[in-house]
Protein chains: 4
Amino acid sequence: MPTLDEALAEIHDEMADHIDRGRVADYIPQLGKVDPARFGIAVVTNDNGVFTIGDADETFSIQSISKVFTLTLALGEVGDSLWKRVGREPSGNAFNSIVQLEQEGGIPRNPFINAGAIVVSDILLAGHEPRETIGEILRFLRFLTEDDTIAIDEAVAASERATGFRNFALANYMKSFGNLRHPPEMALGVYFHHCAIAMSCRQLALAGRFLAHDGINPATGHSVIARQKARRINALMLTCGHYDGSGEFAFQVGIPGKSGVGGGILGIVPGQATLAVWSPGLNENGNSKLGTLALGKLAKMMNWSIFAP
Amino acid sequence: MPTLDEALAEIHDEMADHIDRGRVADYIPQLGKVDPARFGIAVVTNDNGVFTIGDADETFSIQSISKVFTLTLALGEVGDSLWKRVGREPSGNAFNSIVQLEQEGGIPRNPFINAGAIVVSDILLAGHEPRETIGEILRFLRFLTEDDTIAIDEAVAASERATGFRNFALANYMKSFGNLRHPPEMALGVYFHHCAIAMSCRQLALAGRFLAHDGINPATGHSVIARQKARRINALMLTCGHYDGSGEFAFQVGIPGKSGVGGGILGIVPGQATLAVWSPGLNENGNSKLGTLALGKLAKMMNWSIFAP
Amino acid sequence: MPTLDEALAEIHDEMADHIDRGRVADYIPQLGKVDPARFGIAVVTNDNGVFTIGDADETFSIQSISKVFTLTLALGEVGDSLWKRVGREPSGNAFNSIVQLEQEGGIPRNPFINAGAIVVSDILLAGHEPRETIGEILRFLRFLTEDDTIAIDEAVAASERATGFRNFALANYMKSFGNLRHPPEMALGVYFHHCAIAMSCRQLALAGRFLAHDGINPATGHSVIARQKARRINALMLTCGHYDGSGEFAFQVGIPGKSGVGGGILGIVPGQATLAVWSPGLNENGNSKLGTLALGKLAKMMNWSIFAP
Amino acid sequence: MPTLDEALAEIHDEMADHIDRGRVADYIPQLGKVDPARFGIAVVTNDNGVFTIGDADETFSIQSISKVFTLTLALGEVGDSLWKRVGREPSGNAFNSIVQLEQEGGIPRNPFINAGAIVVSDILLAGHEPRETIGEILRFLRFLTEDDTIAIDEAVAASERATGFRNFALANYMKSFGNLRHPPEMALGVYFHHCAIAMSCRQLALAGRFLAHDGINPATGHSVIARQKARRINALMLTCGHYDGSGEFAFQVGIPGKSGVGGGILGIVPGQATLAVWSPGLNENGNSKLGTLALGKLAKMMNWSIFAP
């Protein structure tokens, strides 16, 4: 088996040769400006070693990866009562989110599709102002990474709001079923901002450590969330973390992961490592094209799989 | 941590007290005759120890659990070309199977929904007569278990055929898209028979060992299927093994599993154990109600989870 | 054949005896306050005779009946280019409106479902302020009826806005496809107000005369809209005028009609009469329960049917 | 206004010039062999005058137009109890037939989509052998036209059976809900044969006369079906007669009509005329492309519209 540094170097070289790097998301204009040639990986091992290659310290818009952290916060605050308002099944189809909202009475299928994450934002609001909740989310990420530089890219947040008609549609639709407690604009205020958080691969991999260690941050020994909840967040990442490409990611890569349309993916190898990759071009399911390939290759080279003995 | 014998005894007692045991499937009349009070578990550990409790040696109709073994056979025969005709994503909705067949050009979402398993049967036919293919499936199960008593319950097979109008609908629908090579009746002939195989919990747990050991039968050292394929079958069981309750099973139990409407569930703990449970009453998703609870409790007591360090 | 007065009297008596009058719409709180016992009919014949019974001069919220008049205005203003943004097929299913918006790229199926009428409002805006467009719609109805008392019930309009999350969802959804030219709030401002127009049966029957006379107001001889357009509006009323109960209304009553959740229905008997009925209780398709029965009975008694020789 | 002969001549010339004649149905191989240049119209007026042009005496496969006549027969035999097993609403979407079968418990939306017509065939069987029911349908058409030469094209019937996997799927699906009384193969035996009936435009126009005359054959004075039922069949033709192009046909042509994938359309002008057109090329909704244009032009020239005064 190669060393991690060897594996990362080989993957970096291989990915650099790829002509077809997927398509950078452009429905949020700010995201469309990112250079598709950027590529980085960071790995944090169980002894807190950090291995990186490429643009691993460049920040990018983490987008839906943020949903892992808002879910963690919300589960910590309201516990399993959250599951009365959000399901935990794969959605099965890109377009189904809104169909299934109709069929299932305004209850989104899982916390990682947009509708589900908007409900999680509504739960985190808990009567506060959006900026307070946004502040809480940022503090949580800074605490997990011990890095106070993590911030929101306000240009991205504004761009999301200005073009987010589909999310306005989802939020109003759920509100019509009574599954938002606050005005749709408030829940969306939180949602647009947490999707616009900018982080580097290194920061992401550090932030995800508690998921590889049954809820405990291995660097500090602090419990971030209860053991069973950490495992269940991993389960949700595996079954629902890549939209309608979740089955494919489980099949090809074999570890829990969560993607964002900014081109990032956070991956968890329980007990062994936390991975973050960034390559802005997306595949047809809206997940990082080279990022998925890179994680698949890394997992294979290091023999990381939750389905292996 | 309790011993396995202690854990099984505690679970057996707890389940015996349950009044609401779910509803026995009755759309196949033969299945409706089974006593809902039956309950058994078998565990085979990585050192080939076998632990059982209750009706673990009573045979029952394995139904959809058989799809794990037909998929294994078909992957061994045609390799990854199988995935041109079957997807590997959760279906997302009970009813979606036929809707998605329409939207996705007759390609079923995964090999564990009925439509997908019918395609797998069609692949296994490969120009032979149904009885030959059925014989091959039986031989495979007898080989895996070293038990030549495994057989088909012909009354169940006949009952499935007589009432299987929905499966006739699915098969004809896929045939209209050209995704069956043989006449629908032939693929269904194989399908109805492999669903009607009768096995005990002990036999099932023995048959599943190769999935907990990267494709190798640990008792004989024989390779049943390539390492990567074994892992991927586990991934499919996790994301798609319990119909529209797959996310829930991953969340609650945390290991790959495959259920059947006969009330059985096969569970895989990579590197550690293979589990089989039988309780005929089903929950609203068509999975064994007490079987799911029992596996969840057993996994928790033994600290078995693919999402744990 | 009875005289019209005899027919109306018989129907009025029969309807008065009905215990089950359907359910008054209450999702808009203001509508829920209406007395379900109210009942009125007005008939305007081709010689401009007006026949009424019951509460025919009481105003009620015309709701979706207003869509006939906004469509007429928009067709007059932009002609057949309107059909690039709105279809003319029955939607086939109550819930499909939003599914089909997805599948059909944000183009609503027809101008009488909510999504379609919101696009028509957007077309009528044409860069103006909502209050100007609302004024234009009111002037059109006052012109058609020669009755300057027609007005908007502002309490209903405010109630619609406060509870109209589903319409906000539809508007934002279409905006995400680029099928609204103005901000969703502006199109909805027009939409909520024209649905909140209050009219009596007499006023409605007078307003609809041009549809029974190939586009010409028979009282004044003025052309309201071109002949072919008038016929086509009738065709749309027949195929799409009663949501997912349109086929049933065509089957049972046999004339073009448009219902509103306020309990009103406008019916057109080309060349012979215009009918308006009001009974606030609705059937399961959201159409006036007794209103439908009354129009069916009236059409049968007077031998009015567009499907008869 | 032109004479009928003048109108037919003008339309015939105009249609002869069309380069894009649509696409001949080829999913039934026998239909794909038909020359797309064929074109004919027949009109039977209320005084039993017959006007024809082009290939009006050439027989073609009437396909779904036959559903008008099987519905008429079934309504005559079982009356309104038929509507417990078949709905009367437009389906709203090509693919919805099978989705809606699922959602609506195996009850097809209307008798003119395939699923609905298969139920009508099942009703006509009434315990008999398929060949007896097929004989009854032929006798009915021969009686209506006073023409004993009408027959089934057995090559088409065989071709439909050999390729009709989708119809087998629909029939089995409905059978699984209990909405077929006979084995699916029997209902389909009737269905495939009545779709394969060969008739000319002249024969079709003669056969449809009772629908333009409140149920009475104007040539003989015989009552074919009760007045109200005839009107309701017209209503169903208007709302459901052209699949998901029914709204469009009502909008463009303005009369009840029923199309078939053989390229024929039957049109009814109550009290005035019965029309039949044949042009084998189809538009995107599966209705005769030039046939629709020709009927639209003819209706406009003769001022025929059920939406006109």
Side-chain angles (χ1 to χ4, degrees), chain C residues 46 83 87-97 99-100 103-104 109-110 113 211-216 218 227-240 242-256 268-272 285 299-300 303 305-309, chain D residues 46 83 87-97 99-100 103-104 109-110 113 211-216 218 227-240 242-256 268-272 285 299-300 303 305-309:
Chain C
N46 62 350
W83 304 116
R88 40 207 189 199
E89 287 298 332
S91 68
N93 202 311
F95 87 85
N96 270 7
S97 47
V99 180
Q100 286 172 330
Q103 295 173 335
E104 298 174 8
R109 283 237 128 195
N110 66 64
I113 55 173
L211 291 171
H213 296 283
D214 258 358
I216 291 167
R227 189 172 83 159
Q228 197 190 37
K229 287 197 173 70
R231 293 180 183 183
R232 287 175 165 181
I233 293 170
N234 285 341
L236 285 163
M237 290 172 75
L238 195 90
T239 55
C240 314
H242 282 73
Y243 306 106
D244 203 28
S246 299
E248 189 68 15
F249 190 84
F251 186 91
Q252 297 286 3
V253 185
I255 61 171
I268 307 295
V269 193
Q272 305 204 63
N285 283 316
K300 196 173 179 189
N303 197 29
S305 165
I306 62 170
F307 301 110
Chain D
N46 63 351
W83 304 116
R88 42 206 187 199
E89 288 298 332
S91 68
N93 201 311
F95 86 86
N96 269 8
S97 46
V99 180
Q100 287 172 329
Q103 294 173 334
E104 298 174 8
R109 283 239 127 192
N110 66 64
I113 54 172
L211 291 170
H213 296 284
D214 259 0
I216 290 166
R227 187 172 85 160
Q228 198 190 36
K229 287 196 174 69
R231 295 179 181 183
R232 287 174 164 182
I233 293 170
N234 285 341
L236 285 162
M237 289 171 75
L238 195 90
T239 55
C240 314
H242 282 72
Y243 307 107
D244 204 27
S246 298
E248 190 67 16
F249 189 84
F251 186 91
Q252 297 287 4
V253 185
I255 61 171
I268 307 295
V269 193
Q272 305 204 64
N285 283 315
K300 196 172 178 190
N303 198 27
S305 166
I306 63 170
F307 301 111

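Keep in mind the model is a prediction, meaning the values are calculated, not measured. Computed over heavy atoms, backbone and side chain alike; hydrogens, waters and symmetry mates excluded. Residue numbers start from 1 in every chain, and the chains themselves are labelled A, B, ... in the order their sequence lines are given, proteins ahead of strands.
- Contacts of C/Ala212 with chain D are made by backbone atoms alone, with heavy-atom separations under 4.5 Å and no side-chain atom involved.
- Residue C/Glu89 comes nearest to D/Asp244 through the heavy atom pair CD-O, 3.0 Å, listed as atom of the first residue, atom of the second, then distance.
- For the set C/Gly271, C/Cys240, C/Gly254, the count of heavy-atom pairs under 4.5 angstrom toward chain D peaks at C/Gly271.
- The CZ atom of C/Phe251 sits 9.5 Å away from the OG1 atom of D/Thr239 when rounded to the nearest 0.5 Å.
- When the candidates C/Leu236, C/Leu238, C/Leu211 are compared by the number of heavy-atom contacts under 4.5 Å with chain D, C/Leu238 comes out ahead.
- Not counting sequence neighbours, C/Asn234 has no partner by the side-chain hydrogen bond (donor to acceptor under 3.5 Å, both in side chains) test.
- In this structure, the side chains of C/Gln252 and D/Arg88 come closer than 4.5 Å at one or more pairs of heavy atoms.
- Minimum heavy-atom separation, C/Pro270 to D/Ala308: CB-O, 3.1 Å.
- Heavy-atom pairs under 4.5 Å with chain D were tallied for C/Gly87, C/Pro256, C/Ser246, C/Ala230; the largest tally goes to C/Ser246.
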